[in-house]
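Everything below concerns the one structure shown next.
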Amino acid sequence: MTGGEGSKAMSESPPPPTVGGTGSSKLAIADFDPPKRPKRNKFAFACATLASMTSILLGYDIGVMSGAALYIKKDWKISDVQIEVLIGILNVYCLIGSAAAGRTSDCIGRRYTIVFACAIFFAGALLMGFATNYAFLMVGRFVAGVGVGYALMIAPVYTAEVSPASSRGFLTSFPEVFINGGILLGYVSNLAFSKLPVHLSWRFMLGIGAIPSVFLAVGVLAMPESPRWLVMQGRLGDAKKVLRRISDSPEEAALRLSDIKEAAGVPPECDDDVVSIPESKKNKGEGVWKELLINPTPAVRRVLIAAIGIHFFQQSSGIDAVVLYSPRIFAKAGITSDTNKLLATVAVGFVKTIFILVATFMLDKYGRRPLLLSSVGGMVLSLLTLAMSLTIIDHSDHRLTWAIALCITMVCAYVASFSIGLGPITWVYSSEIFPLRLRAQGVSMGVAVNRVVSGVISMTFLSLSNAITTGGAFFLFSGIATVAWLFFFAFLPETQGRILEQMNELFDDFRWKESLHGKKGRNEDAKEGSNANAKGGQIQLEGSTTKTNSES
């Protein structure tokens with residue numbers, strides 16, 4: 001081959017490789033080229049965005065209550081205990097919504113469950129805005145909490161089920177992105193309405209949260225239903241149409257359909273638009289709790305521990321204490337003006353939002369484990385420094401400007417470290433590791449743990465700070481974050497690039513030493529299979545149906 005012919009061969013796009021055929025020089029050269037990444041699926045991106053925007057509701061409530069509480073206390077002259085109960089009780093009320101959302105989404109579908117969540121939160125926001133006394137306000141918190149619980153559980157489940165494997169980490173991190181966006185909106189709302197009379201300011205802050213829920217409910221109706229839920233209802237034809245729109249290639253759509261059909265008990269050769277699903281496989285919730293809690297397989301037990309563990313440590317490391325009580329923390333640091341406290345809080349919300357956006361683009365590039373371990377390590381260091389700074393300020397009899405600046409910097413560093421890993425990965429990881437039949441109920445358990453721990457932290461932080469000082473509270477959070485790092489290092493395998501139906505074997509075979517050295521156990525071909533989709537993938541389609549104990 002001459003130099004001109006070689007250049008021409010290298011510049012041409014290679015044809016799909018064949019098996020057993022004679023290898024031409026053009027094909028041999030092309031085989032050395034790196035595989036092209038498929039273009040990001042715009043339709044799946046739009047669906048994930050719409051579904052995840054329901055998380056704005058939780059974020060807005062968290063952010064707005066941090067400032068509204070200051071004005072509620074001034075207006076009604078209530079105690080610190082009543083304030084921390086008012087702020088934290090929403091997380092306990094979330095349990096009702098998240099517990100009911102699993103069964104609801106299995107019965108009426110993921111899409112209509114999101115609409116239902118928006119409607120509930122709309123009613124709760126109006127009740128809070130028009131509250132005439134503390135008891136009335138608590139009723140509004142209850143209704144809003146149920147709506148938030150629904151949204152928290154269903155958004156990551158739907159997003160994981162419509163996302164192609166190549167960008168699942170990016171898309172499934174969207175709920176955390178919008179939680180952060182909602183927190184920032186809440187902080188901005190505090191600042192915008194802070195100049196109103198005290199009795200009106202907090203009402204506008206809380207009541208205006210009803211507006212986005214209306215637009216979200218209408219927008220969600222334009223989304224398709226989850227293909228996995230459609231197959232579980234026997235609607236194979238509808239599932240095919242959705243999969244063709246949300247997959248990176250026709251080959252990937254066929255592969256995903258094949259794996260879902262196996263999990264649902266549909267024969268591989270069955271290609272009818274409407275099929276009959278065996279009663280034992282129907283995703284109606286029957287027997288799920290028994291499979292999860294009473295008689296789980298070793299893989300399911302590991303998945304459940306991993307999901308509950310990551311949700312527990314996400315909240316127990318103190319993120320809600322920082323987000324909800326940042327004005328109080330800045331007051332302890334020496335900032336006296338309410339406006340300056342709110343401005344510093346907006347800065348924290350801005351940093352948190354920027355870094356969560358950075359994290360979404362890193363999840364599918366660097367994987368879950370490296371970001372998670374780096375994130376928690378940064379949290380430990382920033383919490384320790386913040387605790388030492390606050391302790392120094394407590395023991396000083398004059399204003400220490402450098403210590404105040406260091407406190408603000410460490411709060412920003414802490415939320416940045418959280419947002420770069422532990423924040424988004426908690427939702428990504430827990431929504432992708434459960435088998436199809438157990439996914440809705442399993443994720444709802446993780447969300448329940450998340451909200452319980454968040455509620456405990458939110459309702460005890462002021463009392464804890466009074467008992468052991470604010471610096472002592474952050475020393476405690478840093479110790480919990482250290483334990484979290486050890487748990488993640490020893491127990492959580494890398495899930496990057498694997499399709500959802502392969503998670504069971506991954507957890508069944510995981511050894512932390514293998515993950516440390518970049519190995520993935522017996523199922524080494526999982527990630528390679530996703531790359532094969534972009535090159536034609538017919539070979540994989542014939543032999544990649546993975547049998548899992550919990551899904552067969």
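One N or O on the side chain of S382 and one on the backbone of M379 form a donor-acceptor pair closer than 3.5 Å. No donor-acceptor pair closer than 3.5 Å links the side chain of S374 to the backbone N or O of L371. Although no hydrogens or angles enter the test, the distance criterion places no donor-acceptor pair under 3.5 Å between the side chain of W202 and the main chain of A69. R369 places a side-chain N or O within 3.5 Å of a backbone atom of L492 that can act as its donor or acceptor partner. Under a 3.5 Å cut-off, the side chain of S194 and the backbone N or O of L191 do form a donor-acceptor pair. A distance-only check finds no donor-acceptor pair linking the side chain of S189 to the backbone of L185 [under 3.5 Å]. Using modelled atom types, one side-chain atom of T353 and one backbone atom of N180 make a donor-acceptor pair closer than 3.5 Å. Under the 3.5 Å distance criterion, the side-chain polar atoms of S317 are matched with a main-chain donor or acceptor of Q314. Checked by atom type and distance alone, the side chain of S430 never pairs as donor or acceptor with a backbone atom of A307 at under 3.5 Å. Counting only distance, with no hydrogens or angles, the side chain of S417 and the backbone of A413 share a donor-acceptor pair below 3.5 Å.
Looking at heavy atoms from C-beta onward, R451 lies in side-chain contact with Q315 at the 4.5 angstrom threshold. Between L422 and I310 there is a side-chain heavy-atom pair separated by less than 4.5 Å. By the 4.5 Å heavy-atom criterion applied to side chains, Y71 and N190 are not counted as neighbours. Between D238 and E225 there is no side-chain heavy-atom pair separated by less than 4.5 Å. Between F330 and V411, some side-chain heavy-atom pair lies under the 4.5 Å cut-off. For the pair V231/L236, a side-chain contact is recorded, criterion being any heavy-atom separation below 4.5 Å from C-beta on. With contacts defined as side-chain heavy-atom distances shorter than 4.5 Å, the pair I356/P424 qualifies. Between L304 and L293 there is a side-chain heavy-atom pair separated by less than 4.5 Å.
Among the candidates I179, V148, I114, the single residue satisfying the side chain to side chain contact (heavy atoms under 4.5 Å, CB included) test with T54 is I114. With E161 as the fixed residue, the salt bridge (charged side-chain N to carboxylate O under 4.0 Å, His left out) test singles out one of R110, R111, R256: R110.
Here the CZ-CG distance, from F313 to L372, works out to 11.0 Å after rounding to the nearest 0.5 Å. Here the CD1 atom belonging to I183 is positioned 4.0 Å from the NZ atom belonging to K352, to the nearest 0.5 angstrom. The CD1 atom of I208 lies 11.5 Å from the CG atom of L126; values are rounded to the nearest 0.5 Å. In this structure, CZ on F45 lies 10.5 Å from CG on L50, to the nearest 0.5 angstrom. Here the OG atom belonging to S458 is positioned 11.0 Å from the CD1 atom belonging to I319, to the nearest 0.5 angstrom. One distance of note links NZ of K240 with CG of L230; it measures 12.5 Å at 0.5 Å rounding.
The 12-atom threshold is exceeded at CZ of F193, counting heavy atoms of other residues, nucleotides or ligands nearer than 6.0 Å. Within a 6.0 Å sphere centred on CZ of F136, other residues, nucleotides and ligands contribute more than 12 heavy atoms. The number of heavy atoms from other shown groups lying within 6.0 Å of NZ (K241) does not exceed 12. No more than 12 heavy atoms of other residues, nucleotides or ligands shown are found within 6.0 angstrom of OH on Y112.
Considering all non-hydrogen atoms of both residues, A68 and M205 come closest at CA-SD, 3.7 Å. When every heavy atom of S326 is checked against every heavy atom of Y187, the shortest pair comes out as OG-OH, 4.0 Å. Between A151 and A117 the shortest heavy-atom distance is N-CB, 3.7 Å. In terms of heavy-atom proximity, P227 sits nearest to V242 at CD-CG1, 3.9 Å. Taking each heavy atom of Y158 and A51 in turn, the nearest pair found is CD2-CB, 3.5 Å. Heavy atoms only, all atoms of each residue included: H199 and D75 are closest at CA-OD2, 3.5 Å.
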Step by step, would you call R203 with L196 a side-chain contact (heavy atoms from CB on, under 4.5 Å)? CA-CA 10 Å; R203 296 181 188 278; L196 293 176; over 6 Å; no
Using side-chain contact (heavy atoms from CB on, under 4.5 Å), reason through S52 and V177 one step at a time and then give a plain yes or no. CA-CA 8 Å; S52 302; V177 172; over 6 Å; no
Between R228 and V162, does the side-chain contact (heavy atoms from CB on, under 4.5 Å) criterion hold? Intermediate values first, please. CA-CA 8 Å; R228 287 175 170 85; V162 299; over 6 Å; no
Decide yes or no on side-chain contact (heavy atoms from CB on, under 4.5 Å) for I305 and F487, but give the supporting numbers first. CA-CA 11 Å; I305 293 173; F487 174 80; 4.3 Å; yes
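The stretch residues 127-156 participates, sequence neighbours left out, in these side-chain hydrogen bond (donor to acceptor under 3.5 Å, both in side chains) pairs: D61-R141, T104-Y150.
Both tests do not hold together for R368 against Y429: distance to the six-membered ring centre under 6.0 Å, angle to the ring axis within 45°.
Between F461 and F477, the two ring planes are parallel [angle under 30°; tilted spans 30° to 60°].
Every residue two or more places apart in sequence or in another chain that forms a side chain to side chain contact (heavy atoms under 4.5 Å, CB included) with A331 is listed here: K341. Partners of V351 by side chain to side chain contact (heavy atoms under 4.5 Å, CB included), not counting sequence neighbours, listed by chain and number: F355, C412, V415, A416.
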